[in-house]
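Notes follow the structure.
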Amino acid sequence: MEPKYQPHLYEEKIYQFWEKNKLFEAKVDQKKKPFSIILPPPNANADLHLGHAMYVYEDIMIRFHKLLGDEVLWLPGADHAGFETQYVFEKHLKKQGKSRFDFDDETLYQMIWDFVQNNRKNMENQLRKLGFALDWSKKKFTLDEDIVQIVKQTFKKLFDEGLAYCDKAIVNYCVNCGTSFSDLEVVYQEKKGKLWYILYPFDRMHPEKGGITVATTRPETMLGDMAVAVHPKDKRYKNLIGKAVNLPIVNRGLKIIVDEVVDPKFGTGAVKVTPAHDSTDWEIAKRHNLELRQVIDTDGRMTILTPQEFQGKKVLEARELVLQKLKELGLLVKEEKHTHRVGTCYKCGCVIEPLPMENWFIKTKPLAKKAKELIVREKIKIYPKKFKKILLWWLDHFHDWNISRQIVWGIKIPAHYCNICKKWFVSSESPKKCPSCQENNFLSTNNTFDTWFSSAQWPFATLMTQKENSKFQSPNSKEESKKTLFDYFYPTTVMETGYDILPWWVARMIMIGYFVTKKPPFLNIVLHGLVRDKKGQKMSKSKGNVINPMEMIEKYGADALRLALVYETTLGADINFAEERVIGMRNFINKLWNIGRFIYLNKKLKTQDSKVKIELKKIPLLVKLEKDFKETKRKYLRLMKSYRFSPALVLLHNFLWHRLADFYIEESKKLEENDKINFFIRLEEVYLNCLVMLHPYAPFVTEAIWQVFKKEGSIYEKNLISV
RNA sequence: GGACCCAUAGCUCAACGGCAGAGCACCUCGUUUACAUCGAGGGGGUUAGAGGUUCAAAUCCUCUUGGGUCCACCA
């Protein structure tokens, strides 16, 4: 043993040793208790960041349960990450002076496919470098043929049961990215803008005779106004209800209607209603049977439904033009400063344009209701428990989920519109004819699924075979088979991920997972926090405060990085990460190594003199050590089983360093020769047992030391019960 | 407007109803069977404030103040 532990001499070799000996390959073993985690699949398009290193919590659980003697499965995968990946790829194209419009769909898809396959290998090797005990023989990709098929079948089932529908609705559309988004992808930003007050006169020739004044932040949308709304109890407008005003510039008549959603305290208490470009107005329009007039197009320009001078103008140009016109007409009553929240694209930051489009939606309410039951009845437990409330809040507040994306990279929505029957049908195989009229006069949608729609099915899709999935589609087919991976490992034991994707992923997995399998997809949810920089700021390239996990591993070893992410942190809280943390843990690992080295050197001395008769006697120091260790182990097991991984690590850290090394080893130096031999026999055992307990946290160094002591084999020969 | 979280040593944080702790930083000393990526010792706290429950509160409850995060259809 060298005086210093040098991670790079061991880590790669040890990981290869684990892989070669198939230590992490799970199988169905009825005699053992199953313990399973599905790794949240990292995006296949990029390197891992420090956030991914937080999956160390999963590794801790997996290795802990393996040491308890359970049959464990940690299943790795990669996410095609639809829009995210396409966005990254387009930036890549831009560097070459090209764009997505230079290629047809098939070519573009193939290019992204190649791009992703390259990066994916890289990402998977980085997971290995972190030391994760993943079962690589079962790795999955969201675009694997069988996964795609399951995703489509789920969609069909949702469609058949009326929970997936196609509807023309106001969707969140980013004209820059060229796709619609679900509500969750819209980021609201506080922006300073203006509120314009516009008079809609009774008589366009005589505005001085009065009219109704509306307030708006988006004057250009007035070209698509279909009514003016006031609150039913607003006395100011009581006499105007049902009357008509003139819509300036376009010279159409607008009726004054009443609706509860109008806030009498805002602006003038009278709202211009633009059904095509505002979701609230869309709702009003539905209640009052108003027509829909789309004045802005998917390219962010004014449509042919606007007066000619506006057509083809961009939204902001049109806004100026409208304001100028109104000024000329003397109808711009006033303008005031106004800060309001504007929906922006979470990716490119552009203002989201609410547009009417035919998109596919998942009816969330019935699914959320079932999911809620699972949480309330504690069929699924959440750690830390503060997230229970948050999850329940979300399940109560989901709107219908827009799963249509107008992008190439993803799974095509298998929906087809029959021109004869005038309705949609869904078929997971590519259809030859409409199942109702048997004609082949139909159109297939070009839309792809929101990535999260496939992710939502990850726990069961990764474990099921396609055949098994079909059974869920038609429950009548009785096909007996022996216990499969799915039977054995599903519901998975734990879902561990960052709390930031609770509504995006966790909630949806519960909803969809239960819908398909009638079981919760997992029994426990464990949530970790975000990794921030030293000062608590988000890490970002623009701030230049990003810490690369691979660089940390290079410098200090994977174990040090892993410990730094767990030591003295609170589960579910953000951690402020600094390189010093890693250095501290590197020191601890070296200490651990040197305790081993000290014991090992003494062992050598001892065995040289084998004639010394060992009489087992209870020396006071030994009794104290036994008691101390027993206490530590008891606490350790208790903490580990209640998901308190950081306190368990602190406990081991303190025991090893400040008790075992600083106290027991120092005291042992003072013992008489015979007592010393006696003491060291047991000290070695205690130390090796500590290695086993620490192994889930720092797998490499503990395995390395183990192999020095035992010459061959792996630490997994030992199990924690016997410790 | 709603919800959630946080406030403990100079800094970063533990302690989850039972003697306020660790790492880093600071000061003093120390090469002895491993480790200077080390050891021995030291200074530093009315646990944001007020009230309550309790034999006992950093911890549970209420309020106040100061921060942070997430959400919402104020046009």
Side-chain angles (χ1 to χ4, degrees), chain A residues 1-5 170 183-184 186-188 195-197 214-219 221-222 225 228-229 259 261-274 277-284 338-341 343 354 384-394 396-399 499-500 502-503 529-530 532 534-538 556 560 564 567-570 572-581 583-602 604-605 642 644 646-647 649-651 653-654 657-658 661-662 665-666 668-670 676 680:
Chain A
M1 289 177 95
E2 321 80 66
K4 284 188 171 80
Y5 173 64
I170 302 300
D183 293 340
L184 294 180
V186 179
V187 177
Y188 287 89
L195 190 63
W196 287 278
Y197 289 74
V214 296
T216 181
T217 54
R218 298 198 59 188
T221 63
M222 70 174 283
D225 279 4
V228 173
D259 201 282
V261 296
V262 180
D263 175 7
K265 289 195 278 294
F266 186 90
T268 61
V271 190
K272 58 190 268 319
V273 181
T274 322
H277 299 288
D278 184 285
S279 56
T280 310
D281 293 7
W282 169 257
E283 293 302 320
I284 295 175
H338 179 65
T339 48
H340 59 145
R341 291 162 51 85
K385 54 177 181 292
K386 68 173 178 184
F387 289 109
K388 183 174 172 178
K389 254 192 219 167
I390 299 177
L391 183 54
L392 287 174
W393 185 92
W394 271 108
D396 273 333
H397 289 82
F398 274 125
H399 297 171
Y499 69 78
D500 53 325
L502 196 68
L530 271 47
R532 295 168 177 276
K534 210 175 179 171
K535 292 177 200 148
Q537 292 179 304
K538 246 186 189 159
Y556 308 109
Y567 187 77
E568 286 198 330
T569 59
T570 305
D574 294 351
I575 83 163
N576 293 356
F577 190 87
E579 194 162 340
E580 290 81 51
R581 291 182 71 98
I583 294 172
M585 289 301 114
R586 190 267 320 257
N587 295 353
F588 169 57
I589 285 163
N590 191 57
K591 185 74 187 179
L592 182 77
W593 176 263
N594 269 288
I595 296 168
R597 184 159 182 258
F598 179 76
I599 295 172
Y600 191 71
L601 294 175
N602 274 281
K604 267 191 168 166
L605 292 175
S642 52
R644 299 187 59 202
S646 181
L649 174 59
V650 171
L651 179 82
H653 175 272
N654 289 344
W657 200 324
H658 304 302
D662 293 348
I665 286 185
E666 290 310 315
S668 78
K669 292 174 185 173
K670 300 173 196 161
K676 202 182 276 182
F680 267 85

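Everything numeric in this text was worked out from a predicted model, so none of it was measured.
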Name all residues meeting the side-chain hydrogen bond (donor to acceptor under 3.5 Å, both in side chains) criterion together with [X]; count only those two or more places apart in sequence or in a different chain, and write none if there are none.
X        : result
A:Ser668 : none
A:Arg341 : none
A:Asn587 : none
A:Glu579 : A:Lys555, A:Tyr556

Residue list, salt bridge (Lys or Arg N to Asp or Glu O under 4.0 Å) with [X], at least two apart or on another chain:
X        : result
A:Lys265 : none
A:Lys385 : none
A:Asp183 : none
A:Arg218 : A:Glu220, A:Glu353

*Can you give one letter per nucleotide of nucleotides 4-20 of chain B, going 5' to 3': B for a protein heavy atom under 4.0 Å from the base, S for sugar-phosphate only, - for none?*
SS------SSSS-----

*A:Ile665 side chain: which of B:A75, B:A34, B:C71 is closest?*
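Nearest nucleotide to the side chain: B:A34.
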
*Is A:His338 near enough to B:A75 that one of its side-chain N or O atoms lies under 4.0 angstrom from OP1 or OP2?*
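A:His338 to B:A75 OP1/OP2: side-chain N or O found under 4.0 Å.
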
Give each protein N/O atom lying under 3.5 Å from an N/O atom of nucleotides 35-42 of chain B, with the pair distance.
unit_1: B:C35; atom_1: O4'; unit_2: A:Asn594; atom_2: OD1; d: 2.8
unit_1: B:C35; atom_1: O4'; unit_2: A:Asn594; atom_2: ND2; d: 3.2
unit_1: B:C35; atom_1: O2'; unit_2: A:Asn590; atom_2: ND2; d: 3.2
unit_1: B:C35; atom_1: O2; unit_2: A:Lys591; atom_2: NZ; d: 2.6
unit_1: B:C35; atom_1: N3; unit_2: A:Lys591; atom_2: NZ; d: 3.2
unit_1: B:U37; atom_1: O4'; unit_2: A:Asn587; atom_2: OD1; d: 3.0
unit_1: B:U37; atom_1: O2'; unit_2: A:Asn590; atom_2: ND2; d: 3.1
unit_1: B:U37; atom_1: O2; unit_2: A:Arg586; atom_2: NE; d: 3.2
unit_1: B:C38; atom_1: O3'; unit_2: A:Lys591; atom_2: NZ; d: 3.4
unit_1: B:G39; atom_1: OP1; unit_2: A:Trp657; atom_2: NE1; d: 2.2
unit_1: B:G39; atom_1: OP1; unit_2: A:Asp662; atom_2: OD1; d: 3.3

*With sequence neighbours left out, write down each residue that passes side chain to side chain contact (heavy atoms under 4.5 Å, CB included) with A:Lys4, or none if nothing qualifies.*
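So A:Lys4 forms a side chain to side chain contact (heavy atoms under 4.5 Å, CB included) with A:Asn590.
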
*Stem segments of RNA chain B by first residue number [Watson-Crick or G-U, under 3.5 Å, at least 3]*: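 Paired runs of 3+ in RNA chain B: B:1-7 with B:65-71, B:10-13 with B:21-24, B:26-30 with B:38-42, B:48-52 with B:60-64.
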
*With a 4.0 Å cut-off, would you call A:Lys534 and A:Glu580 a salt bridge?*
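So A:Lys534 pairs with A:Glu580 through a salt bridge.
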
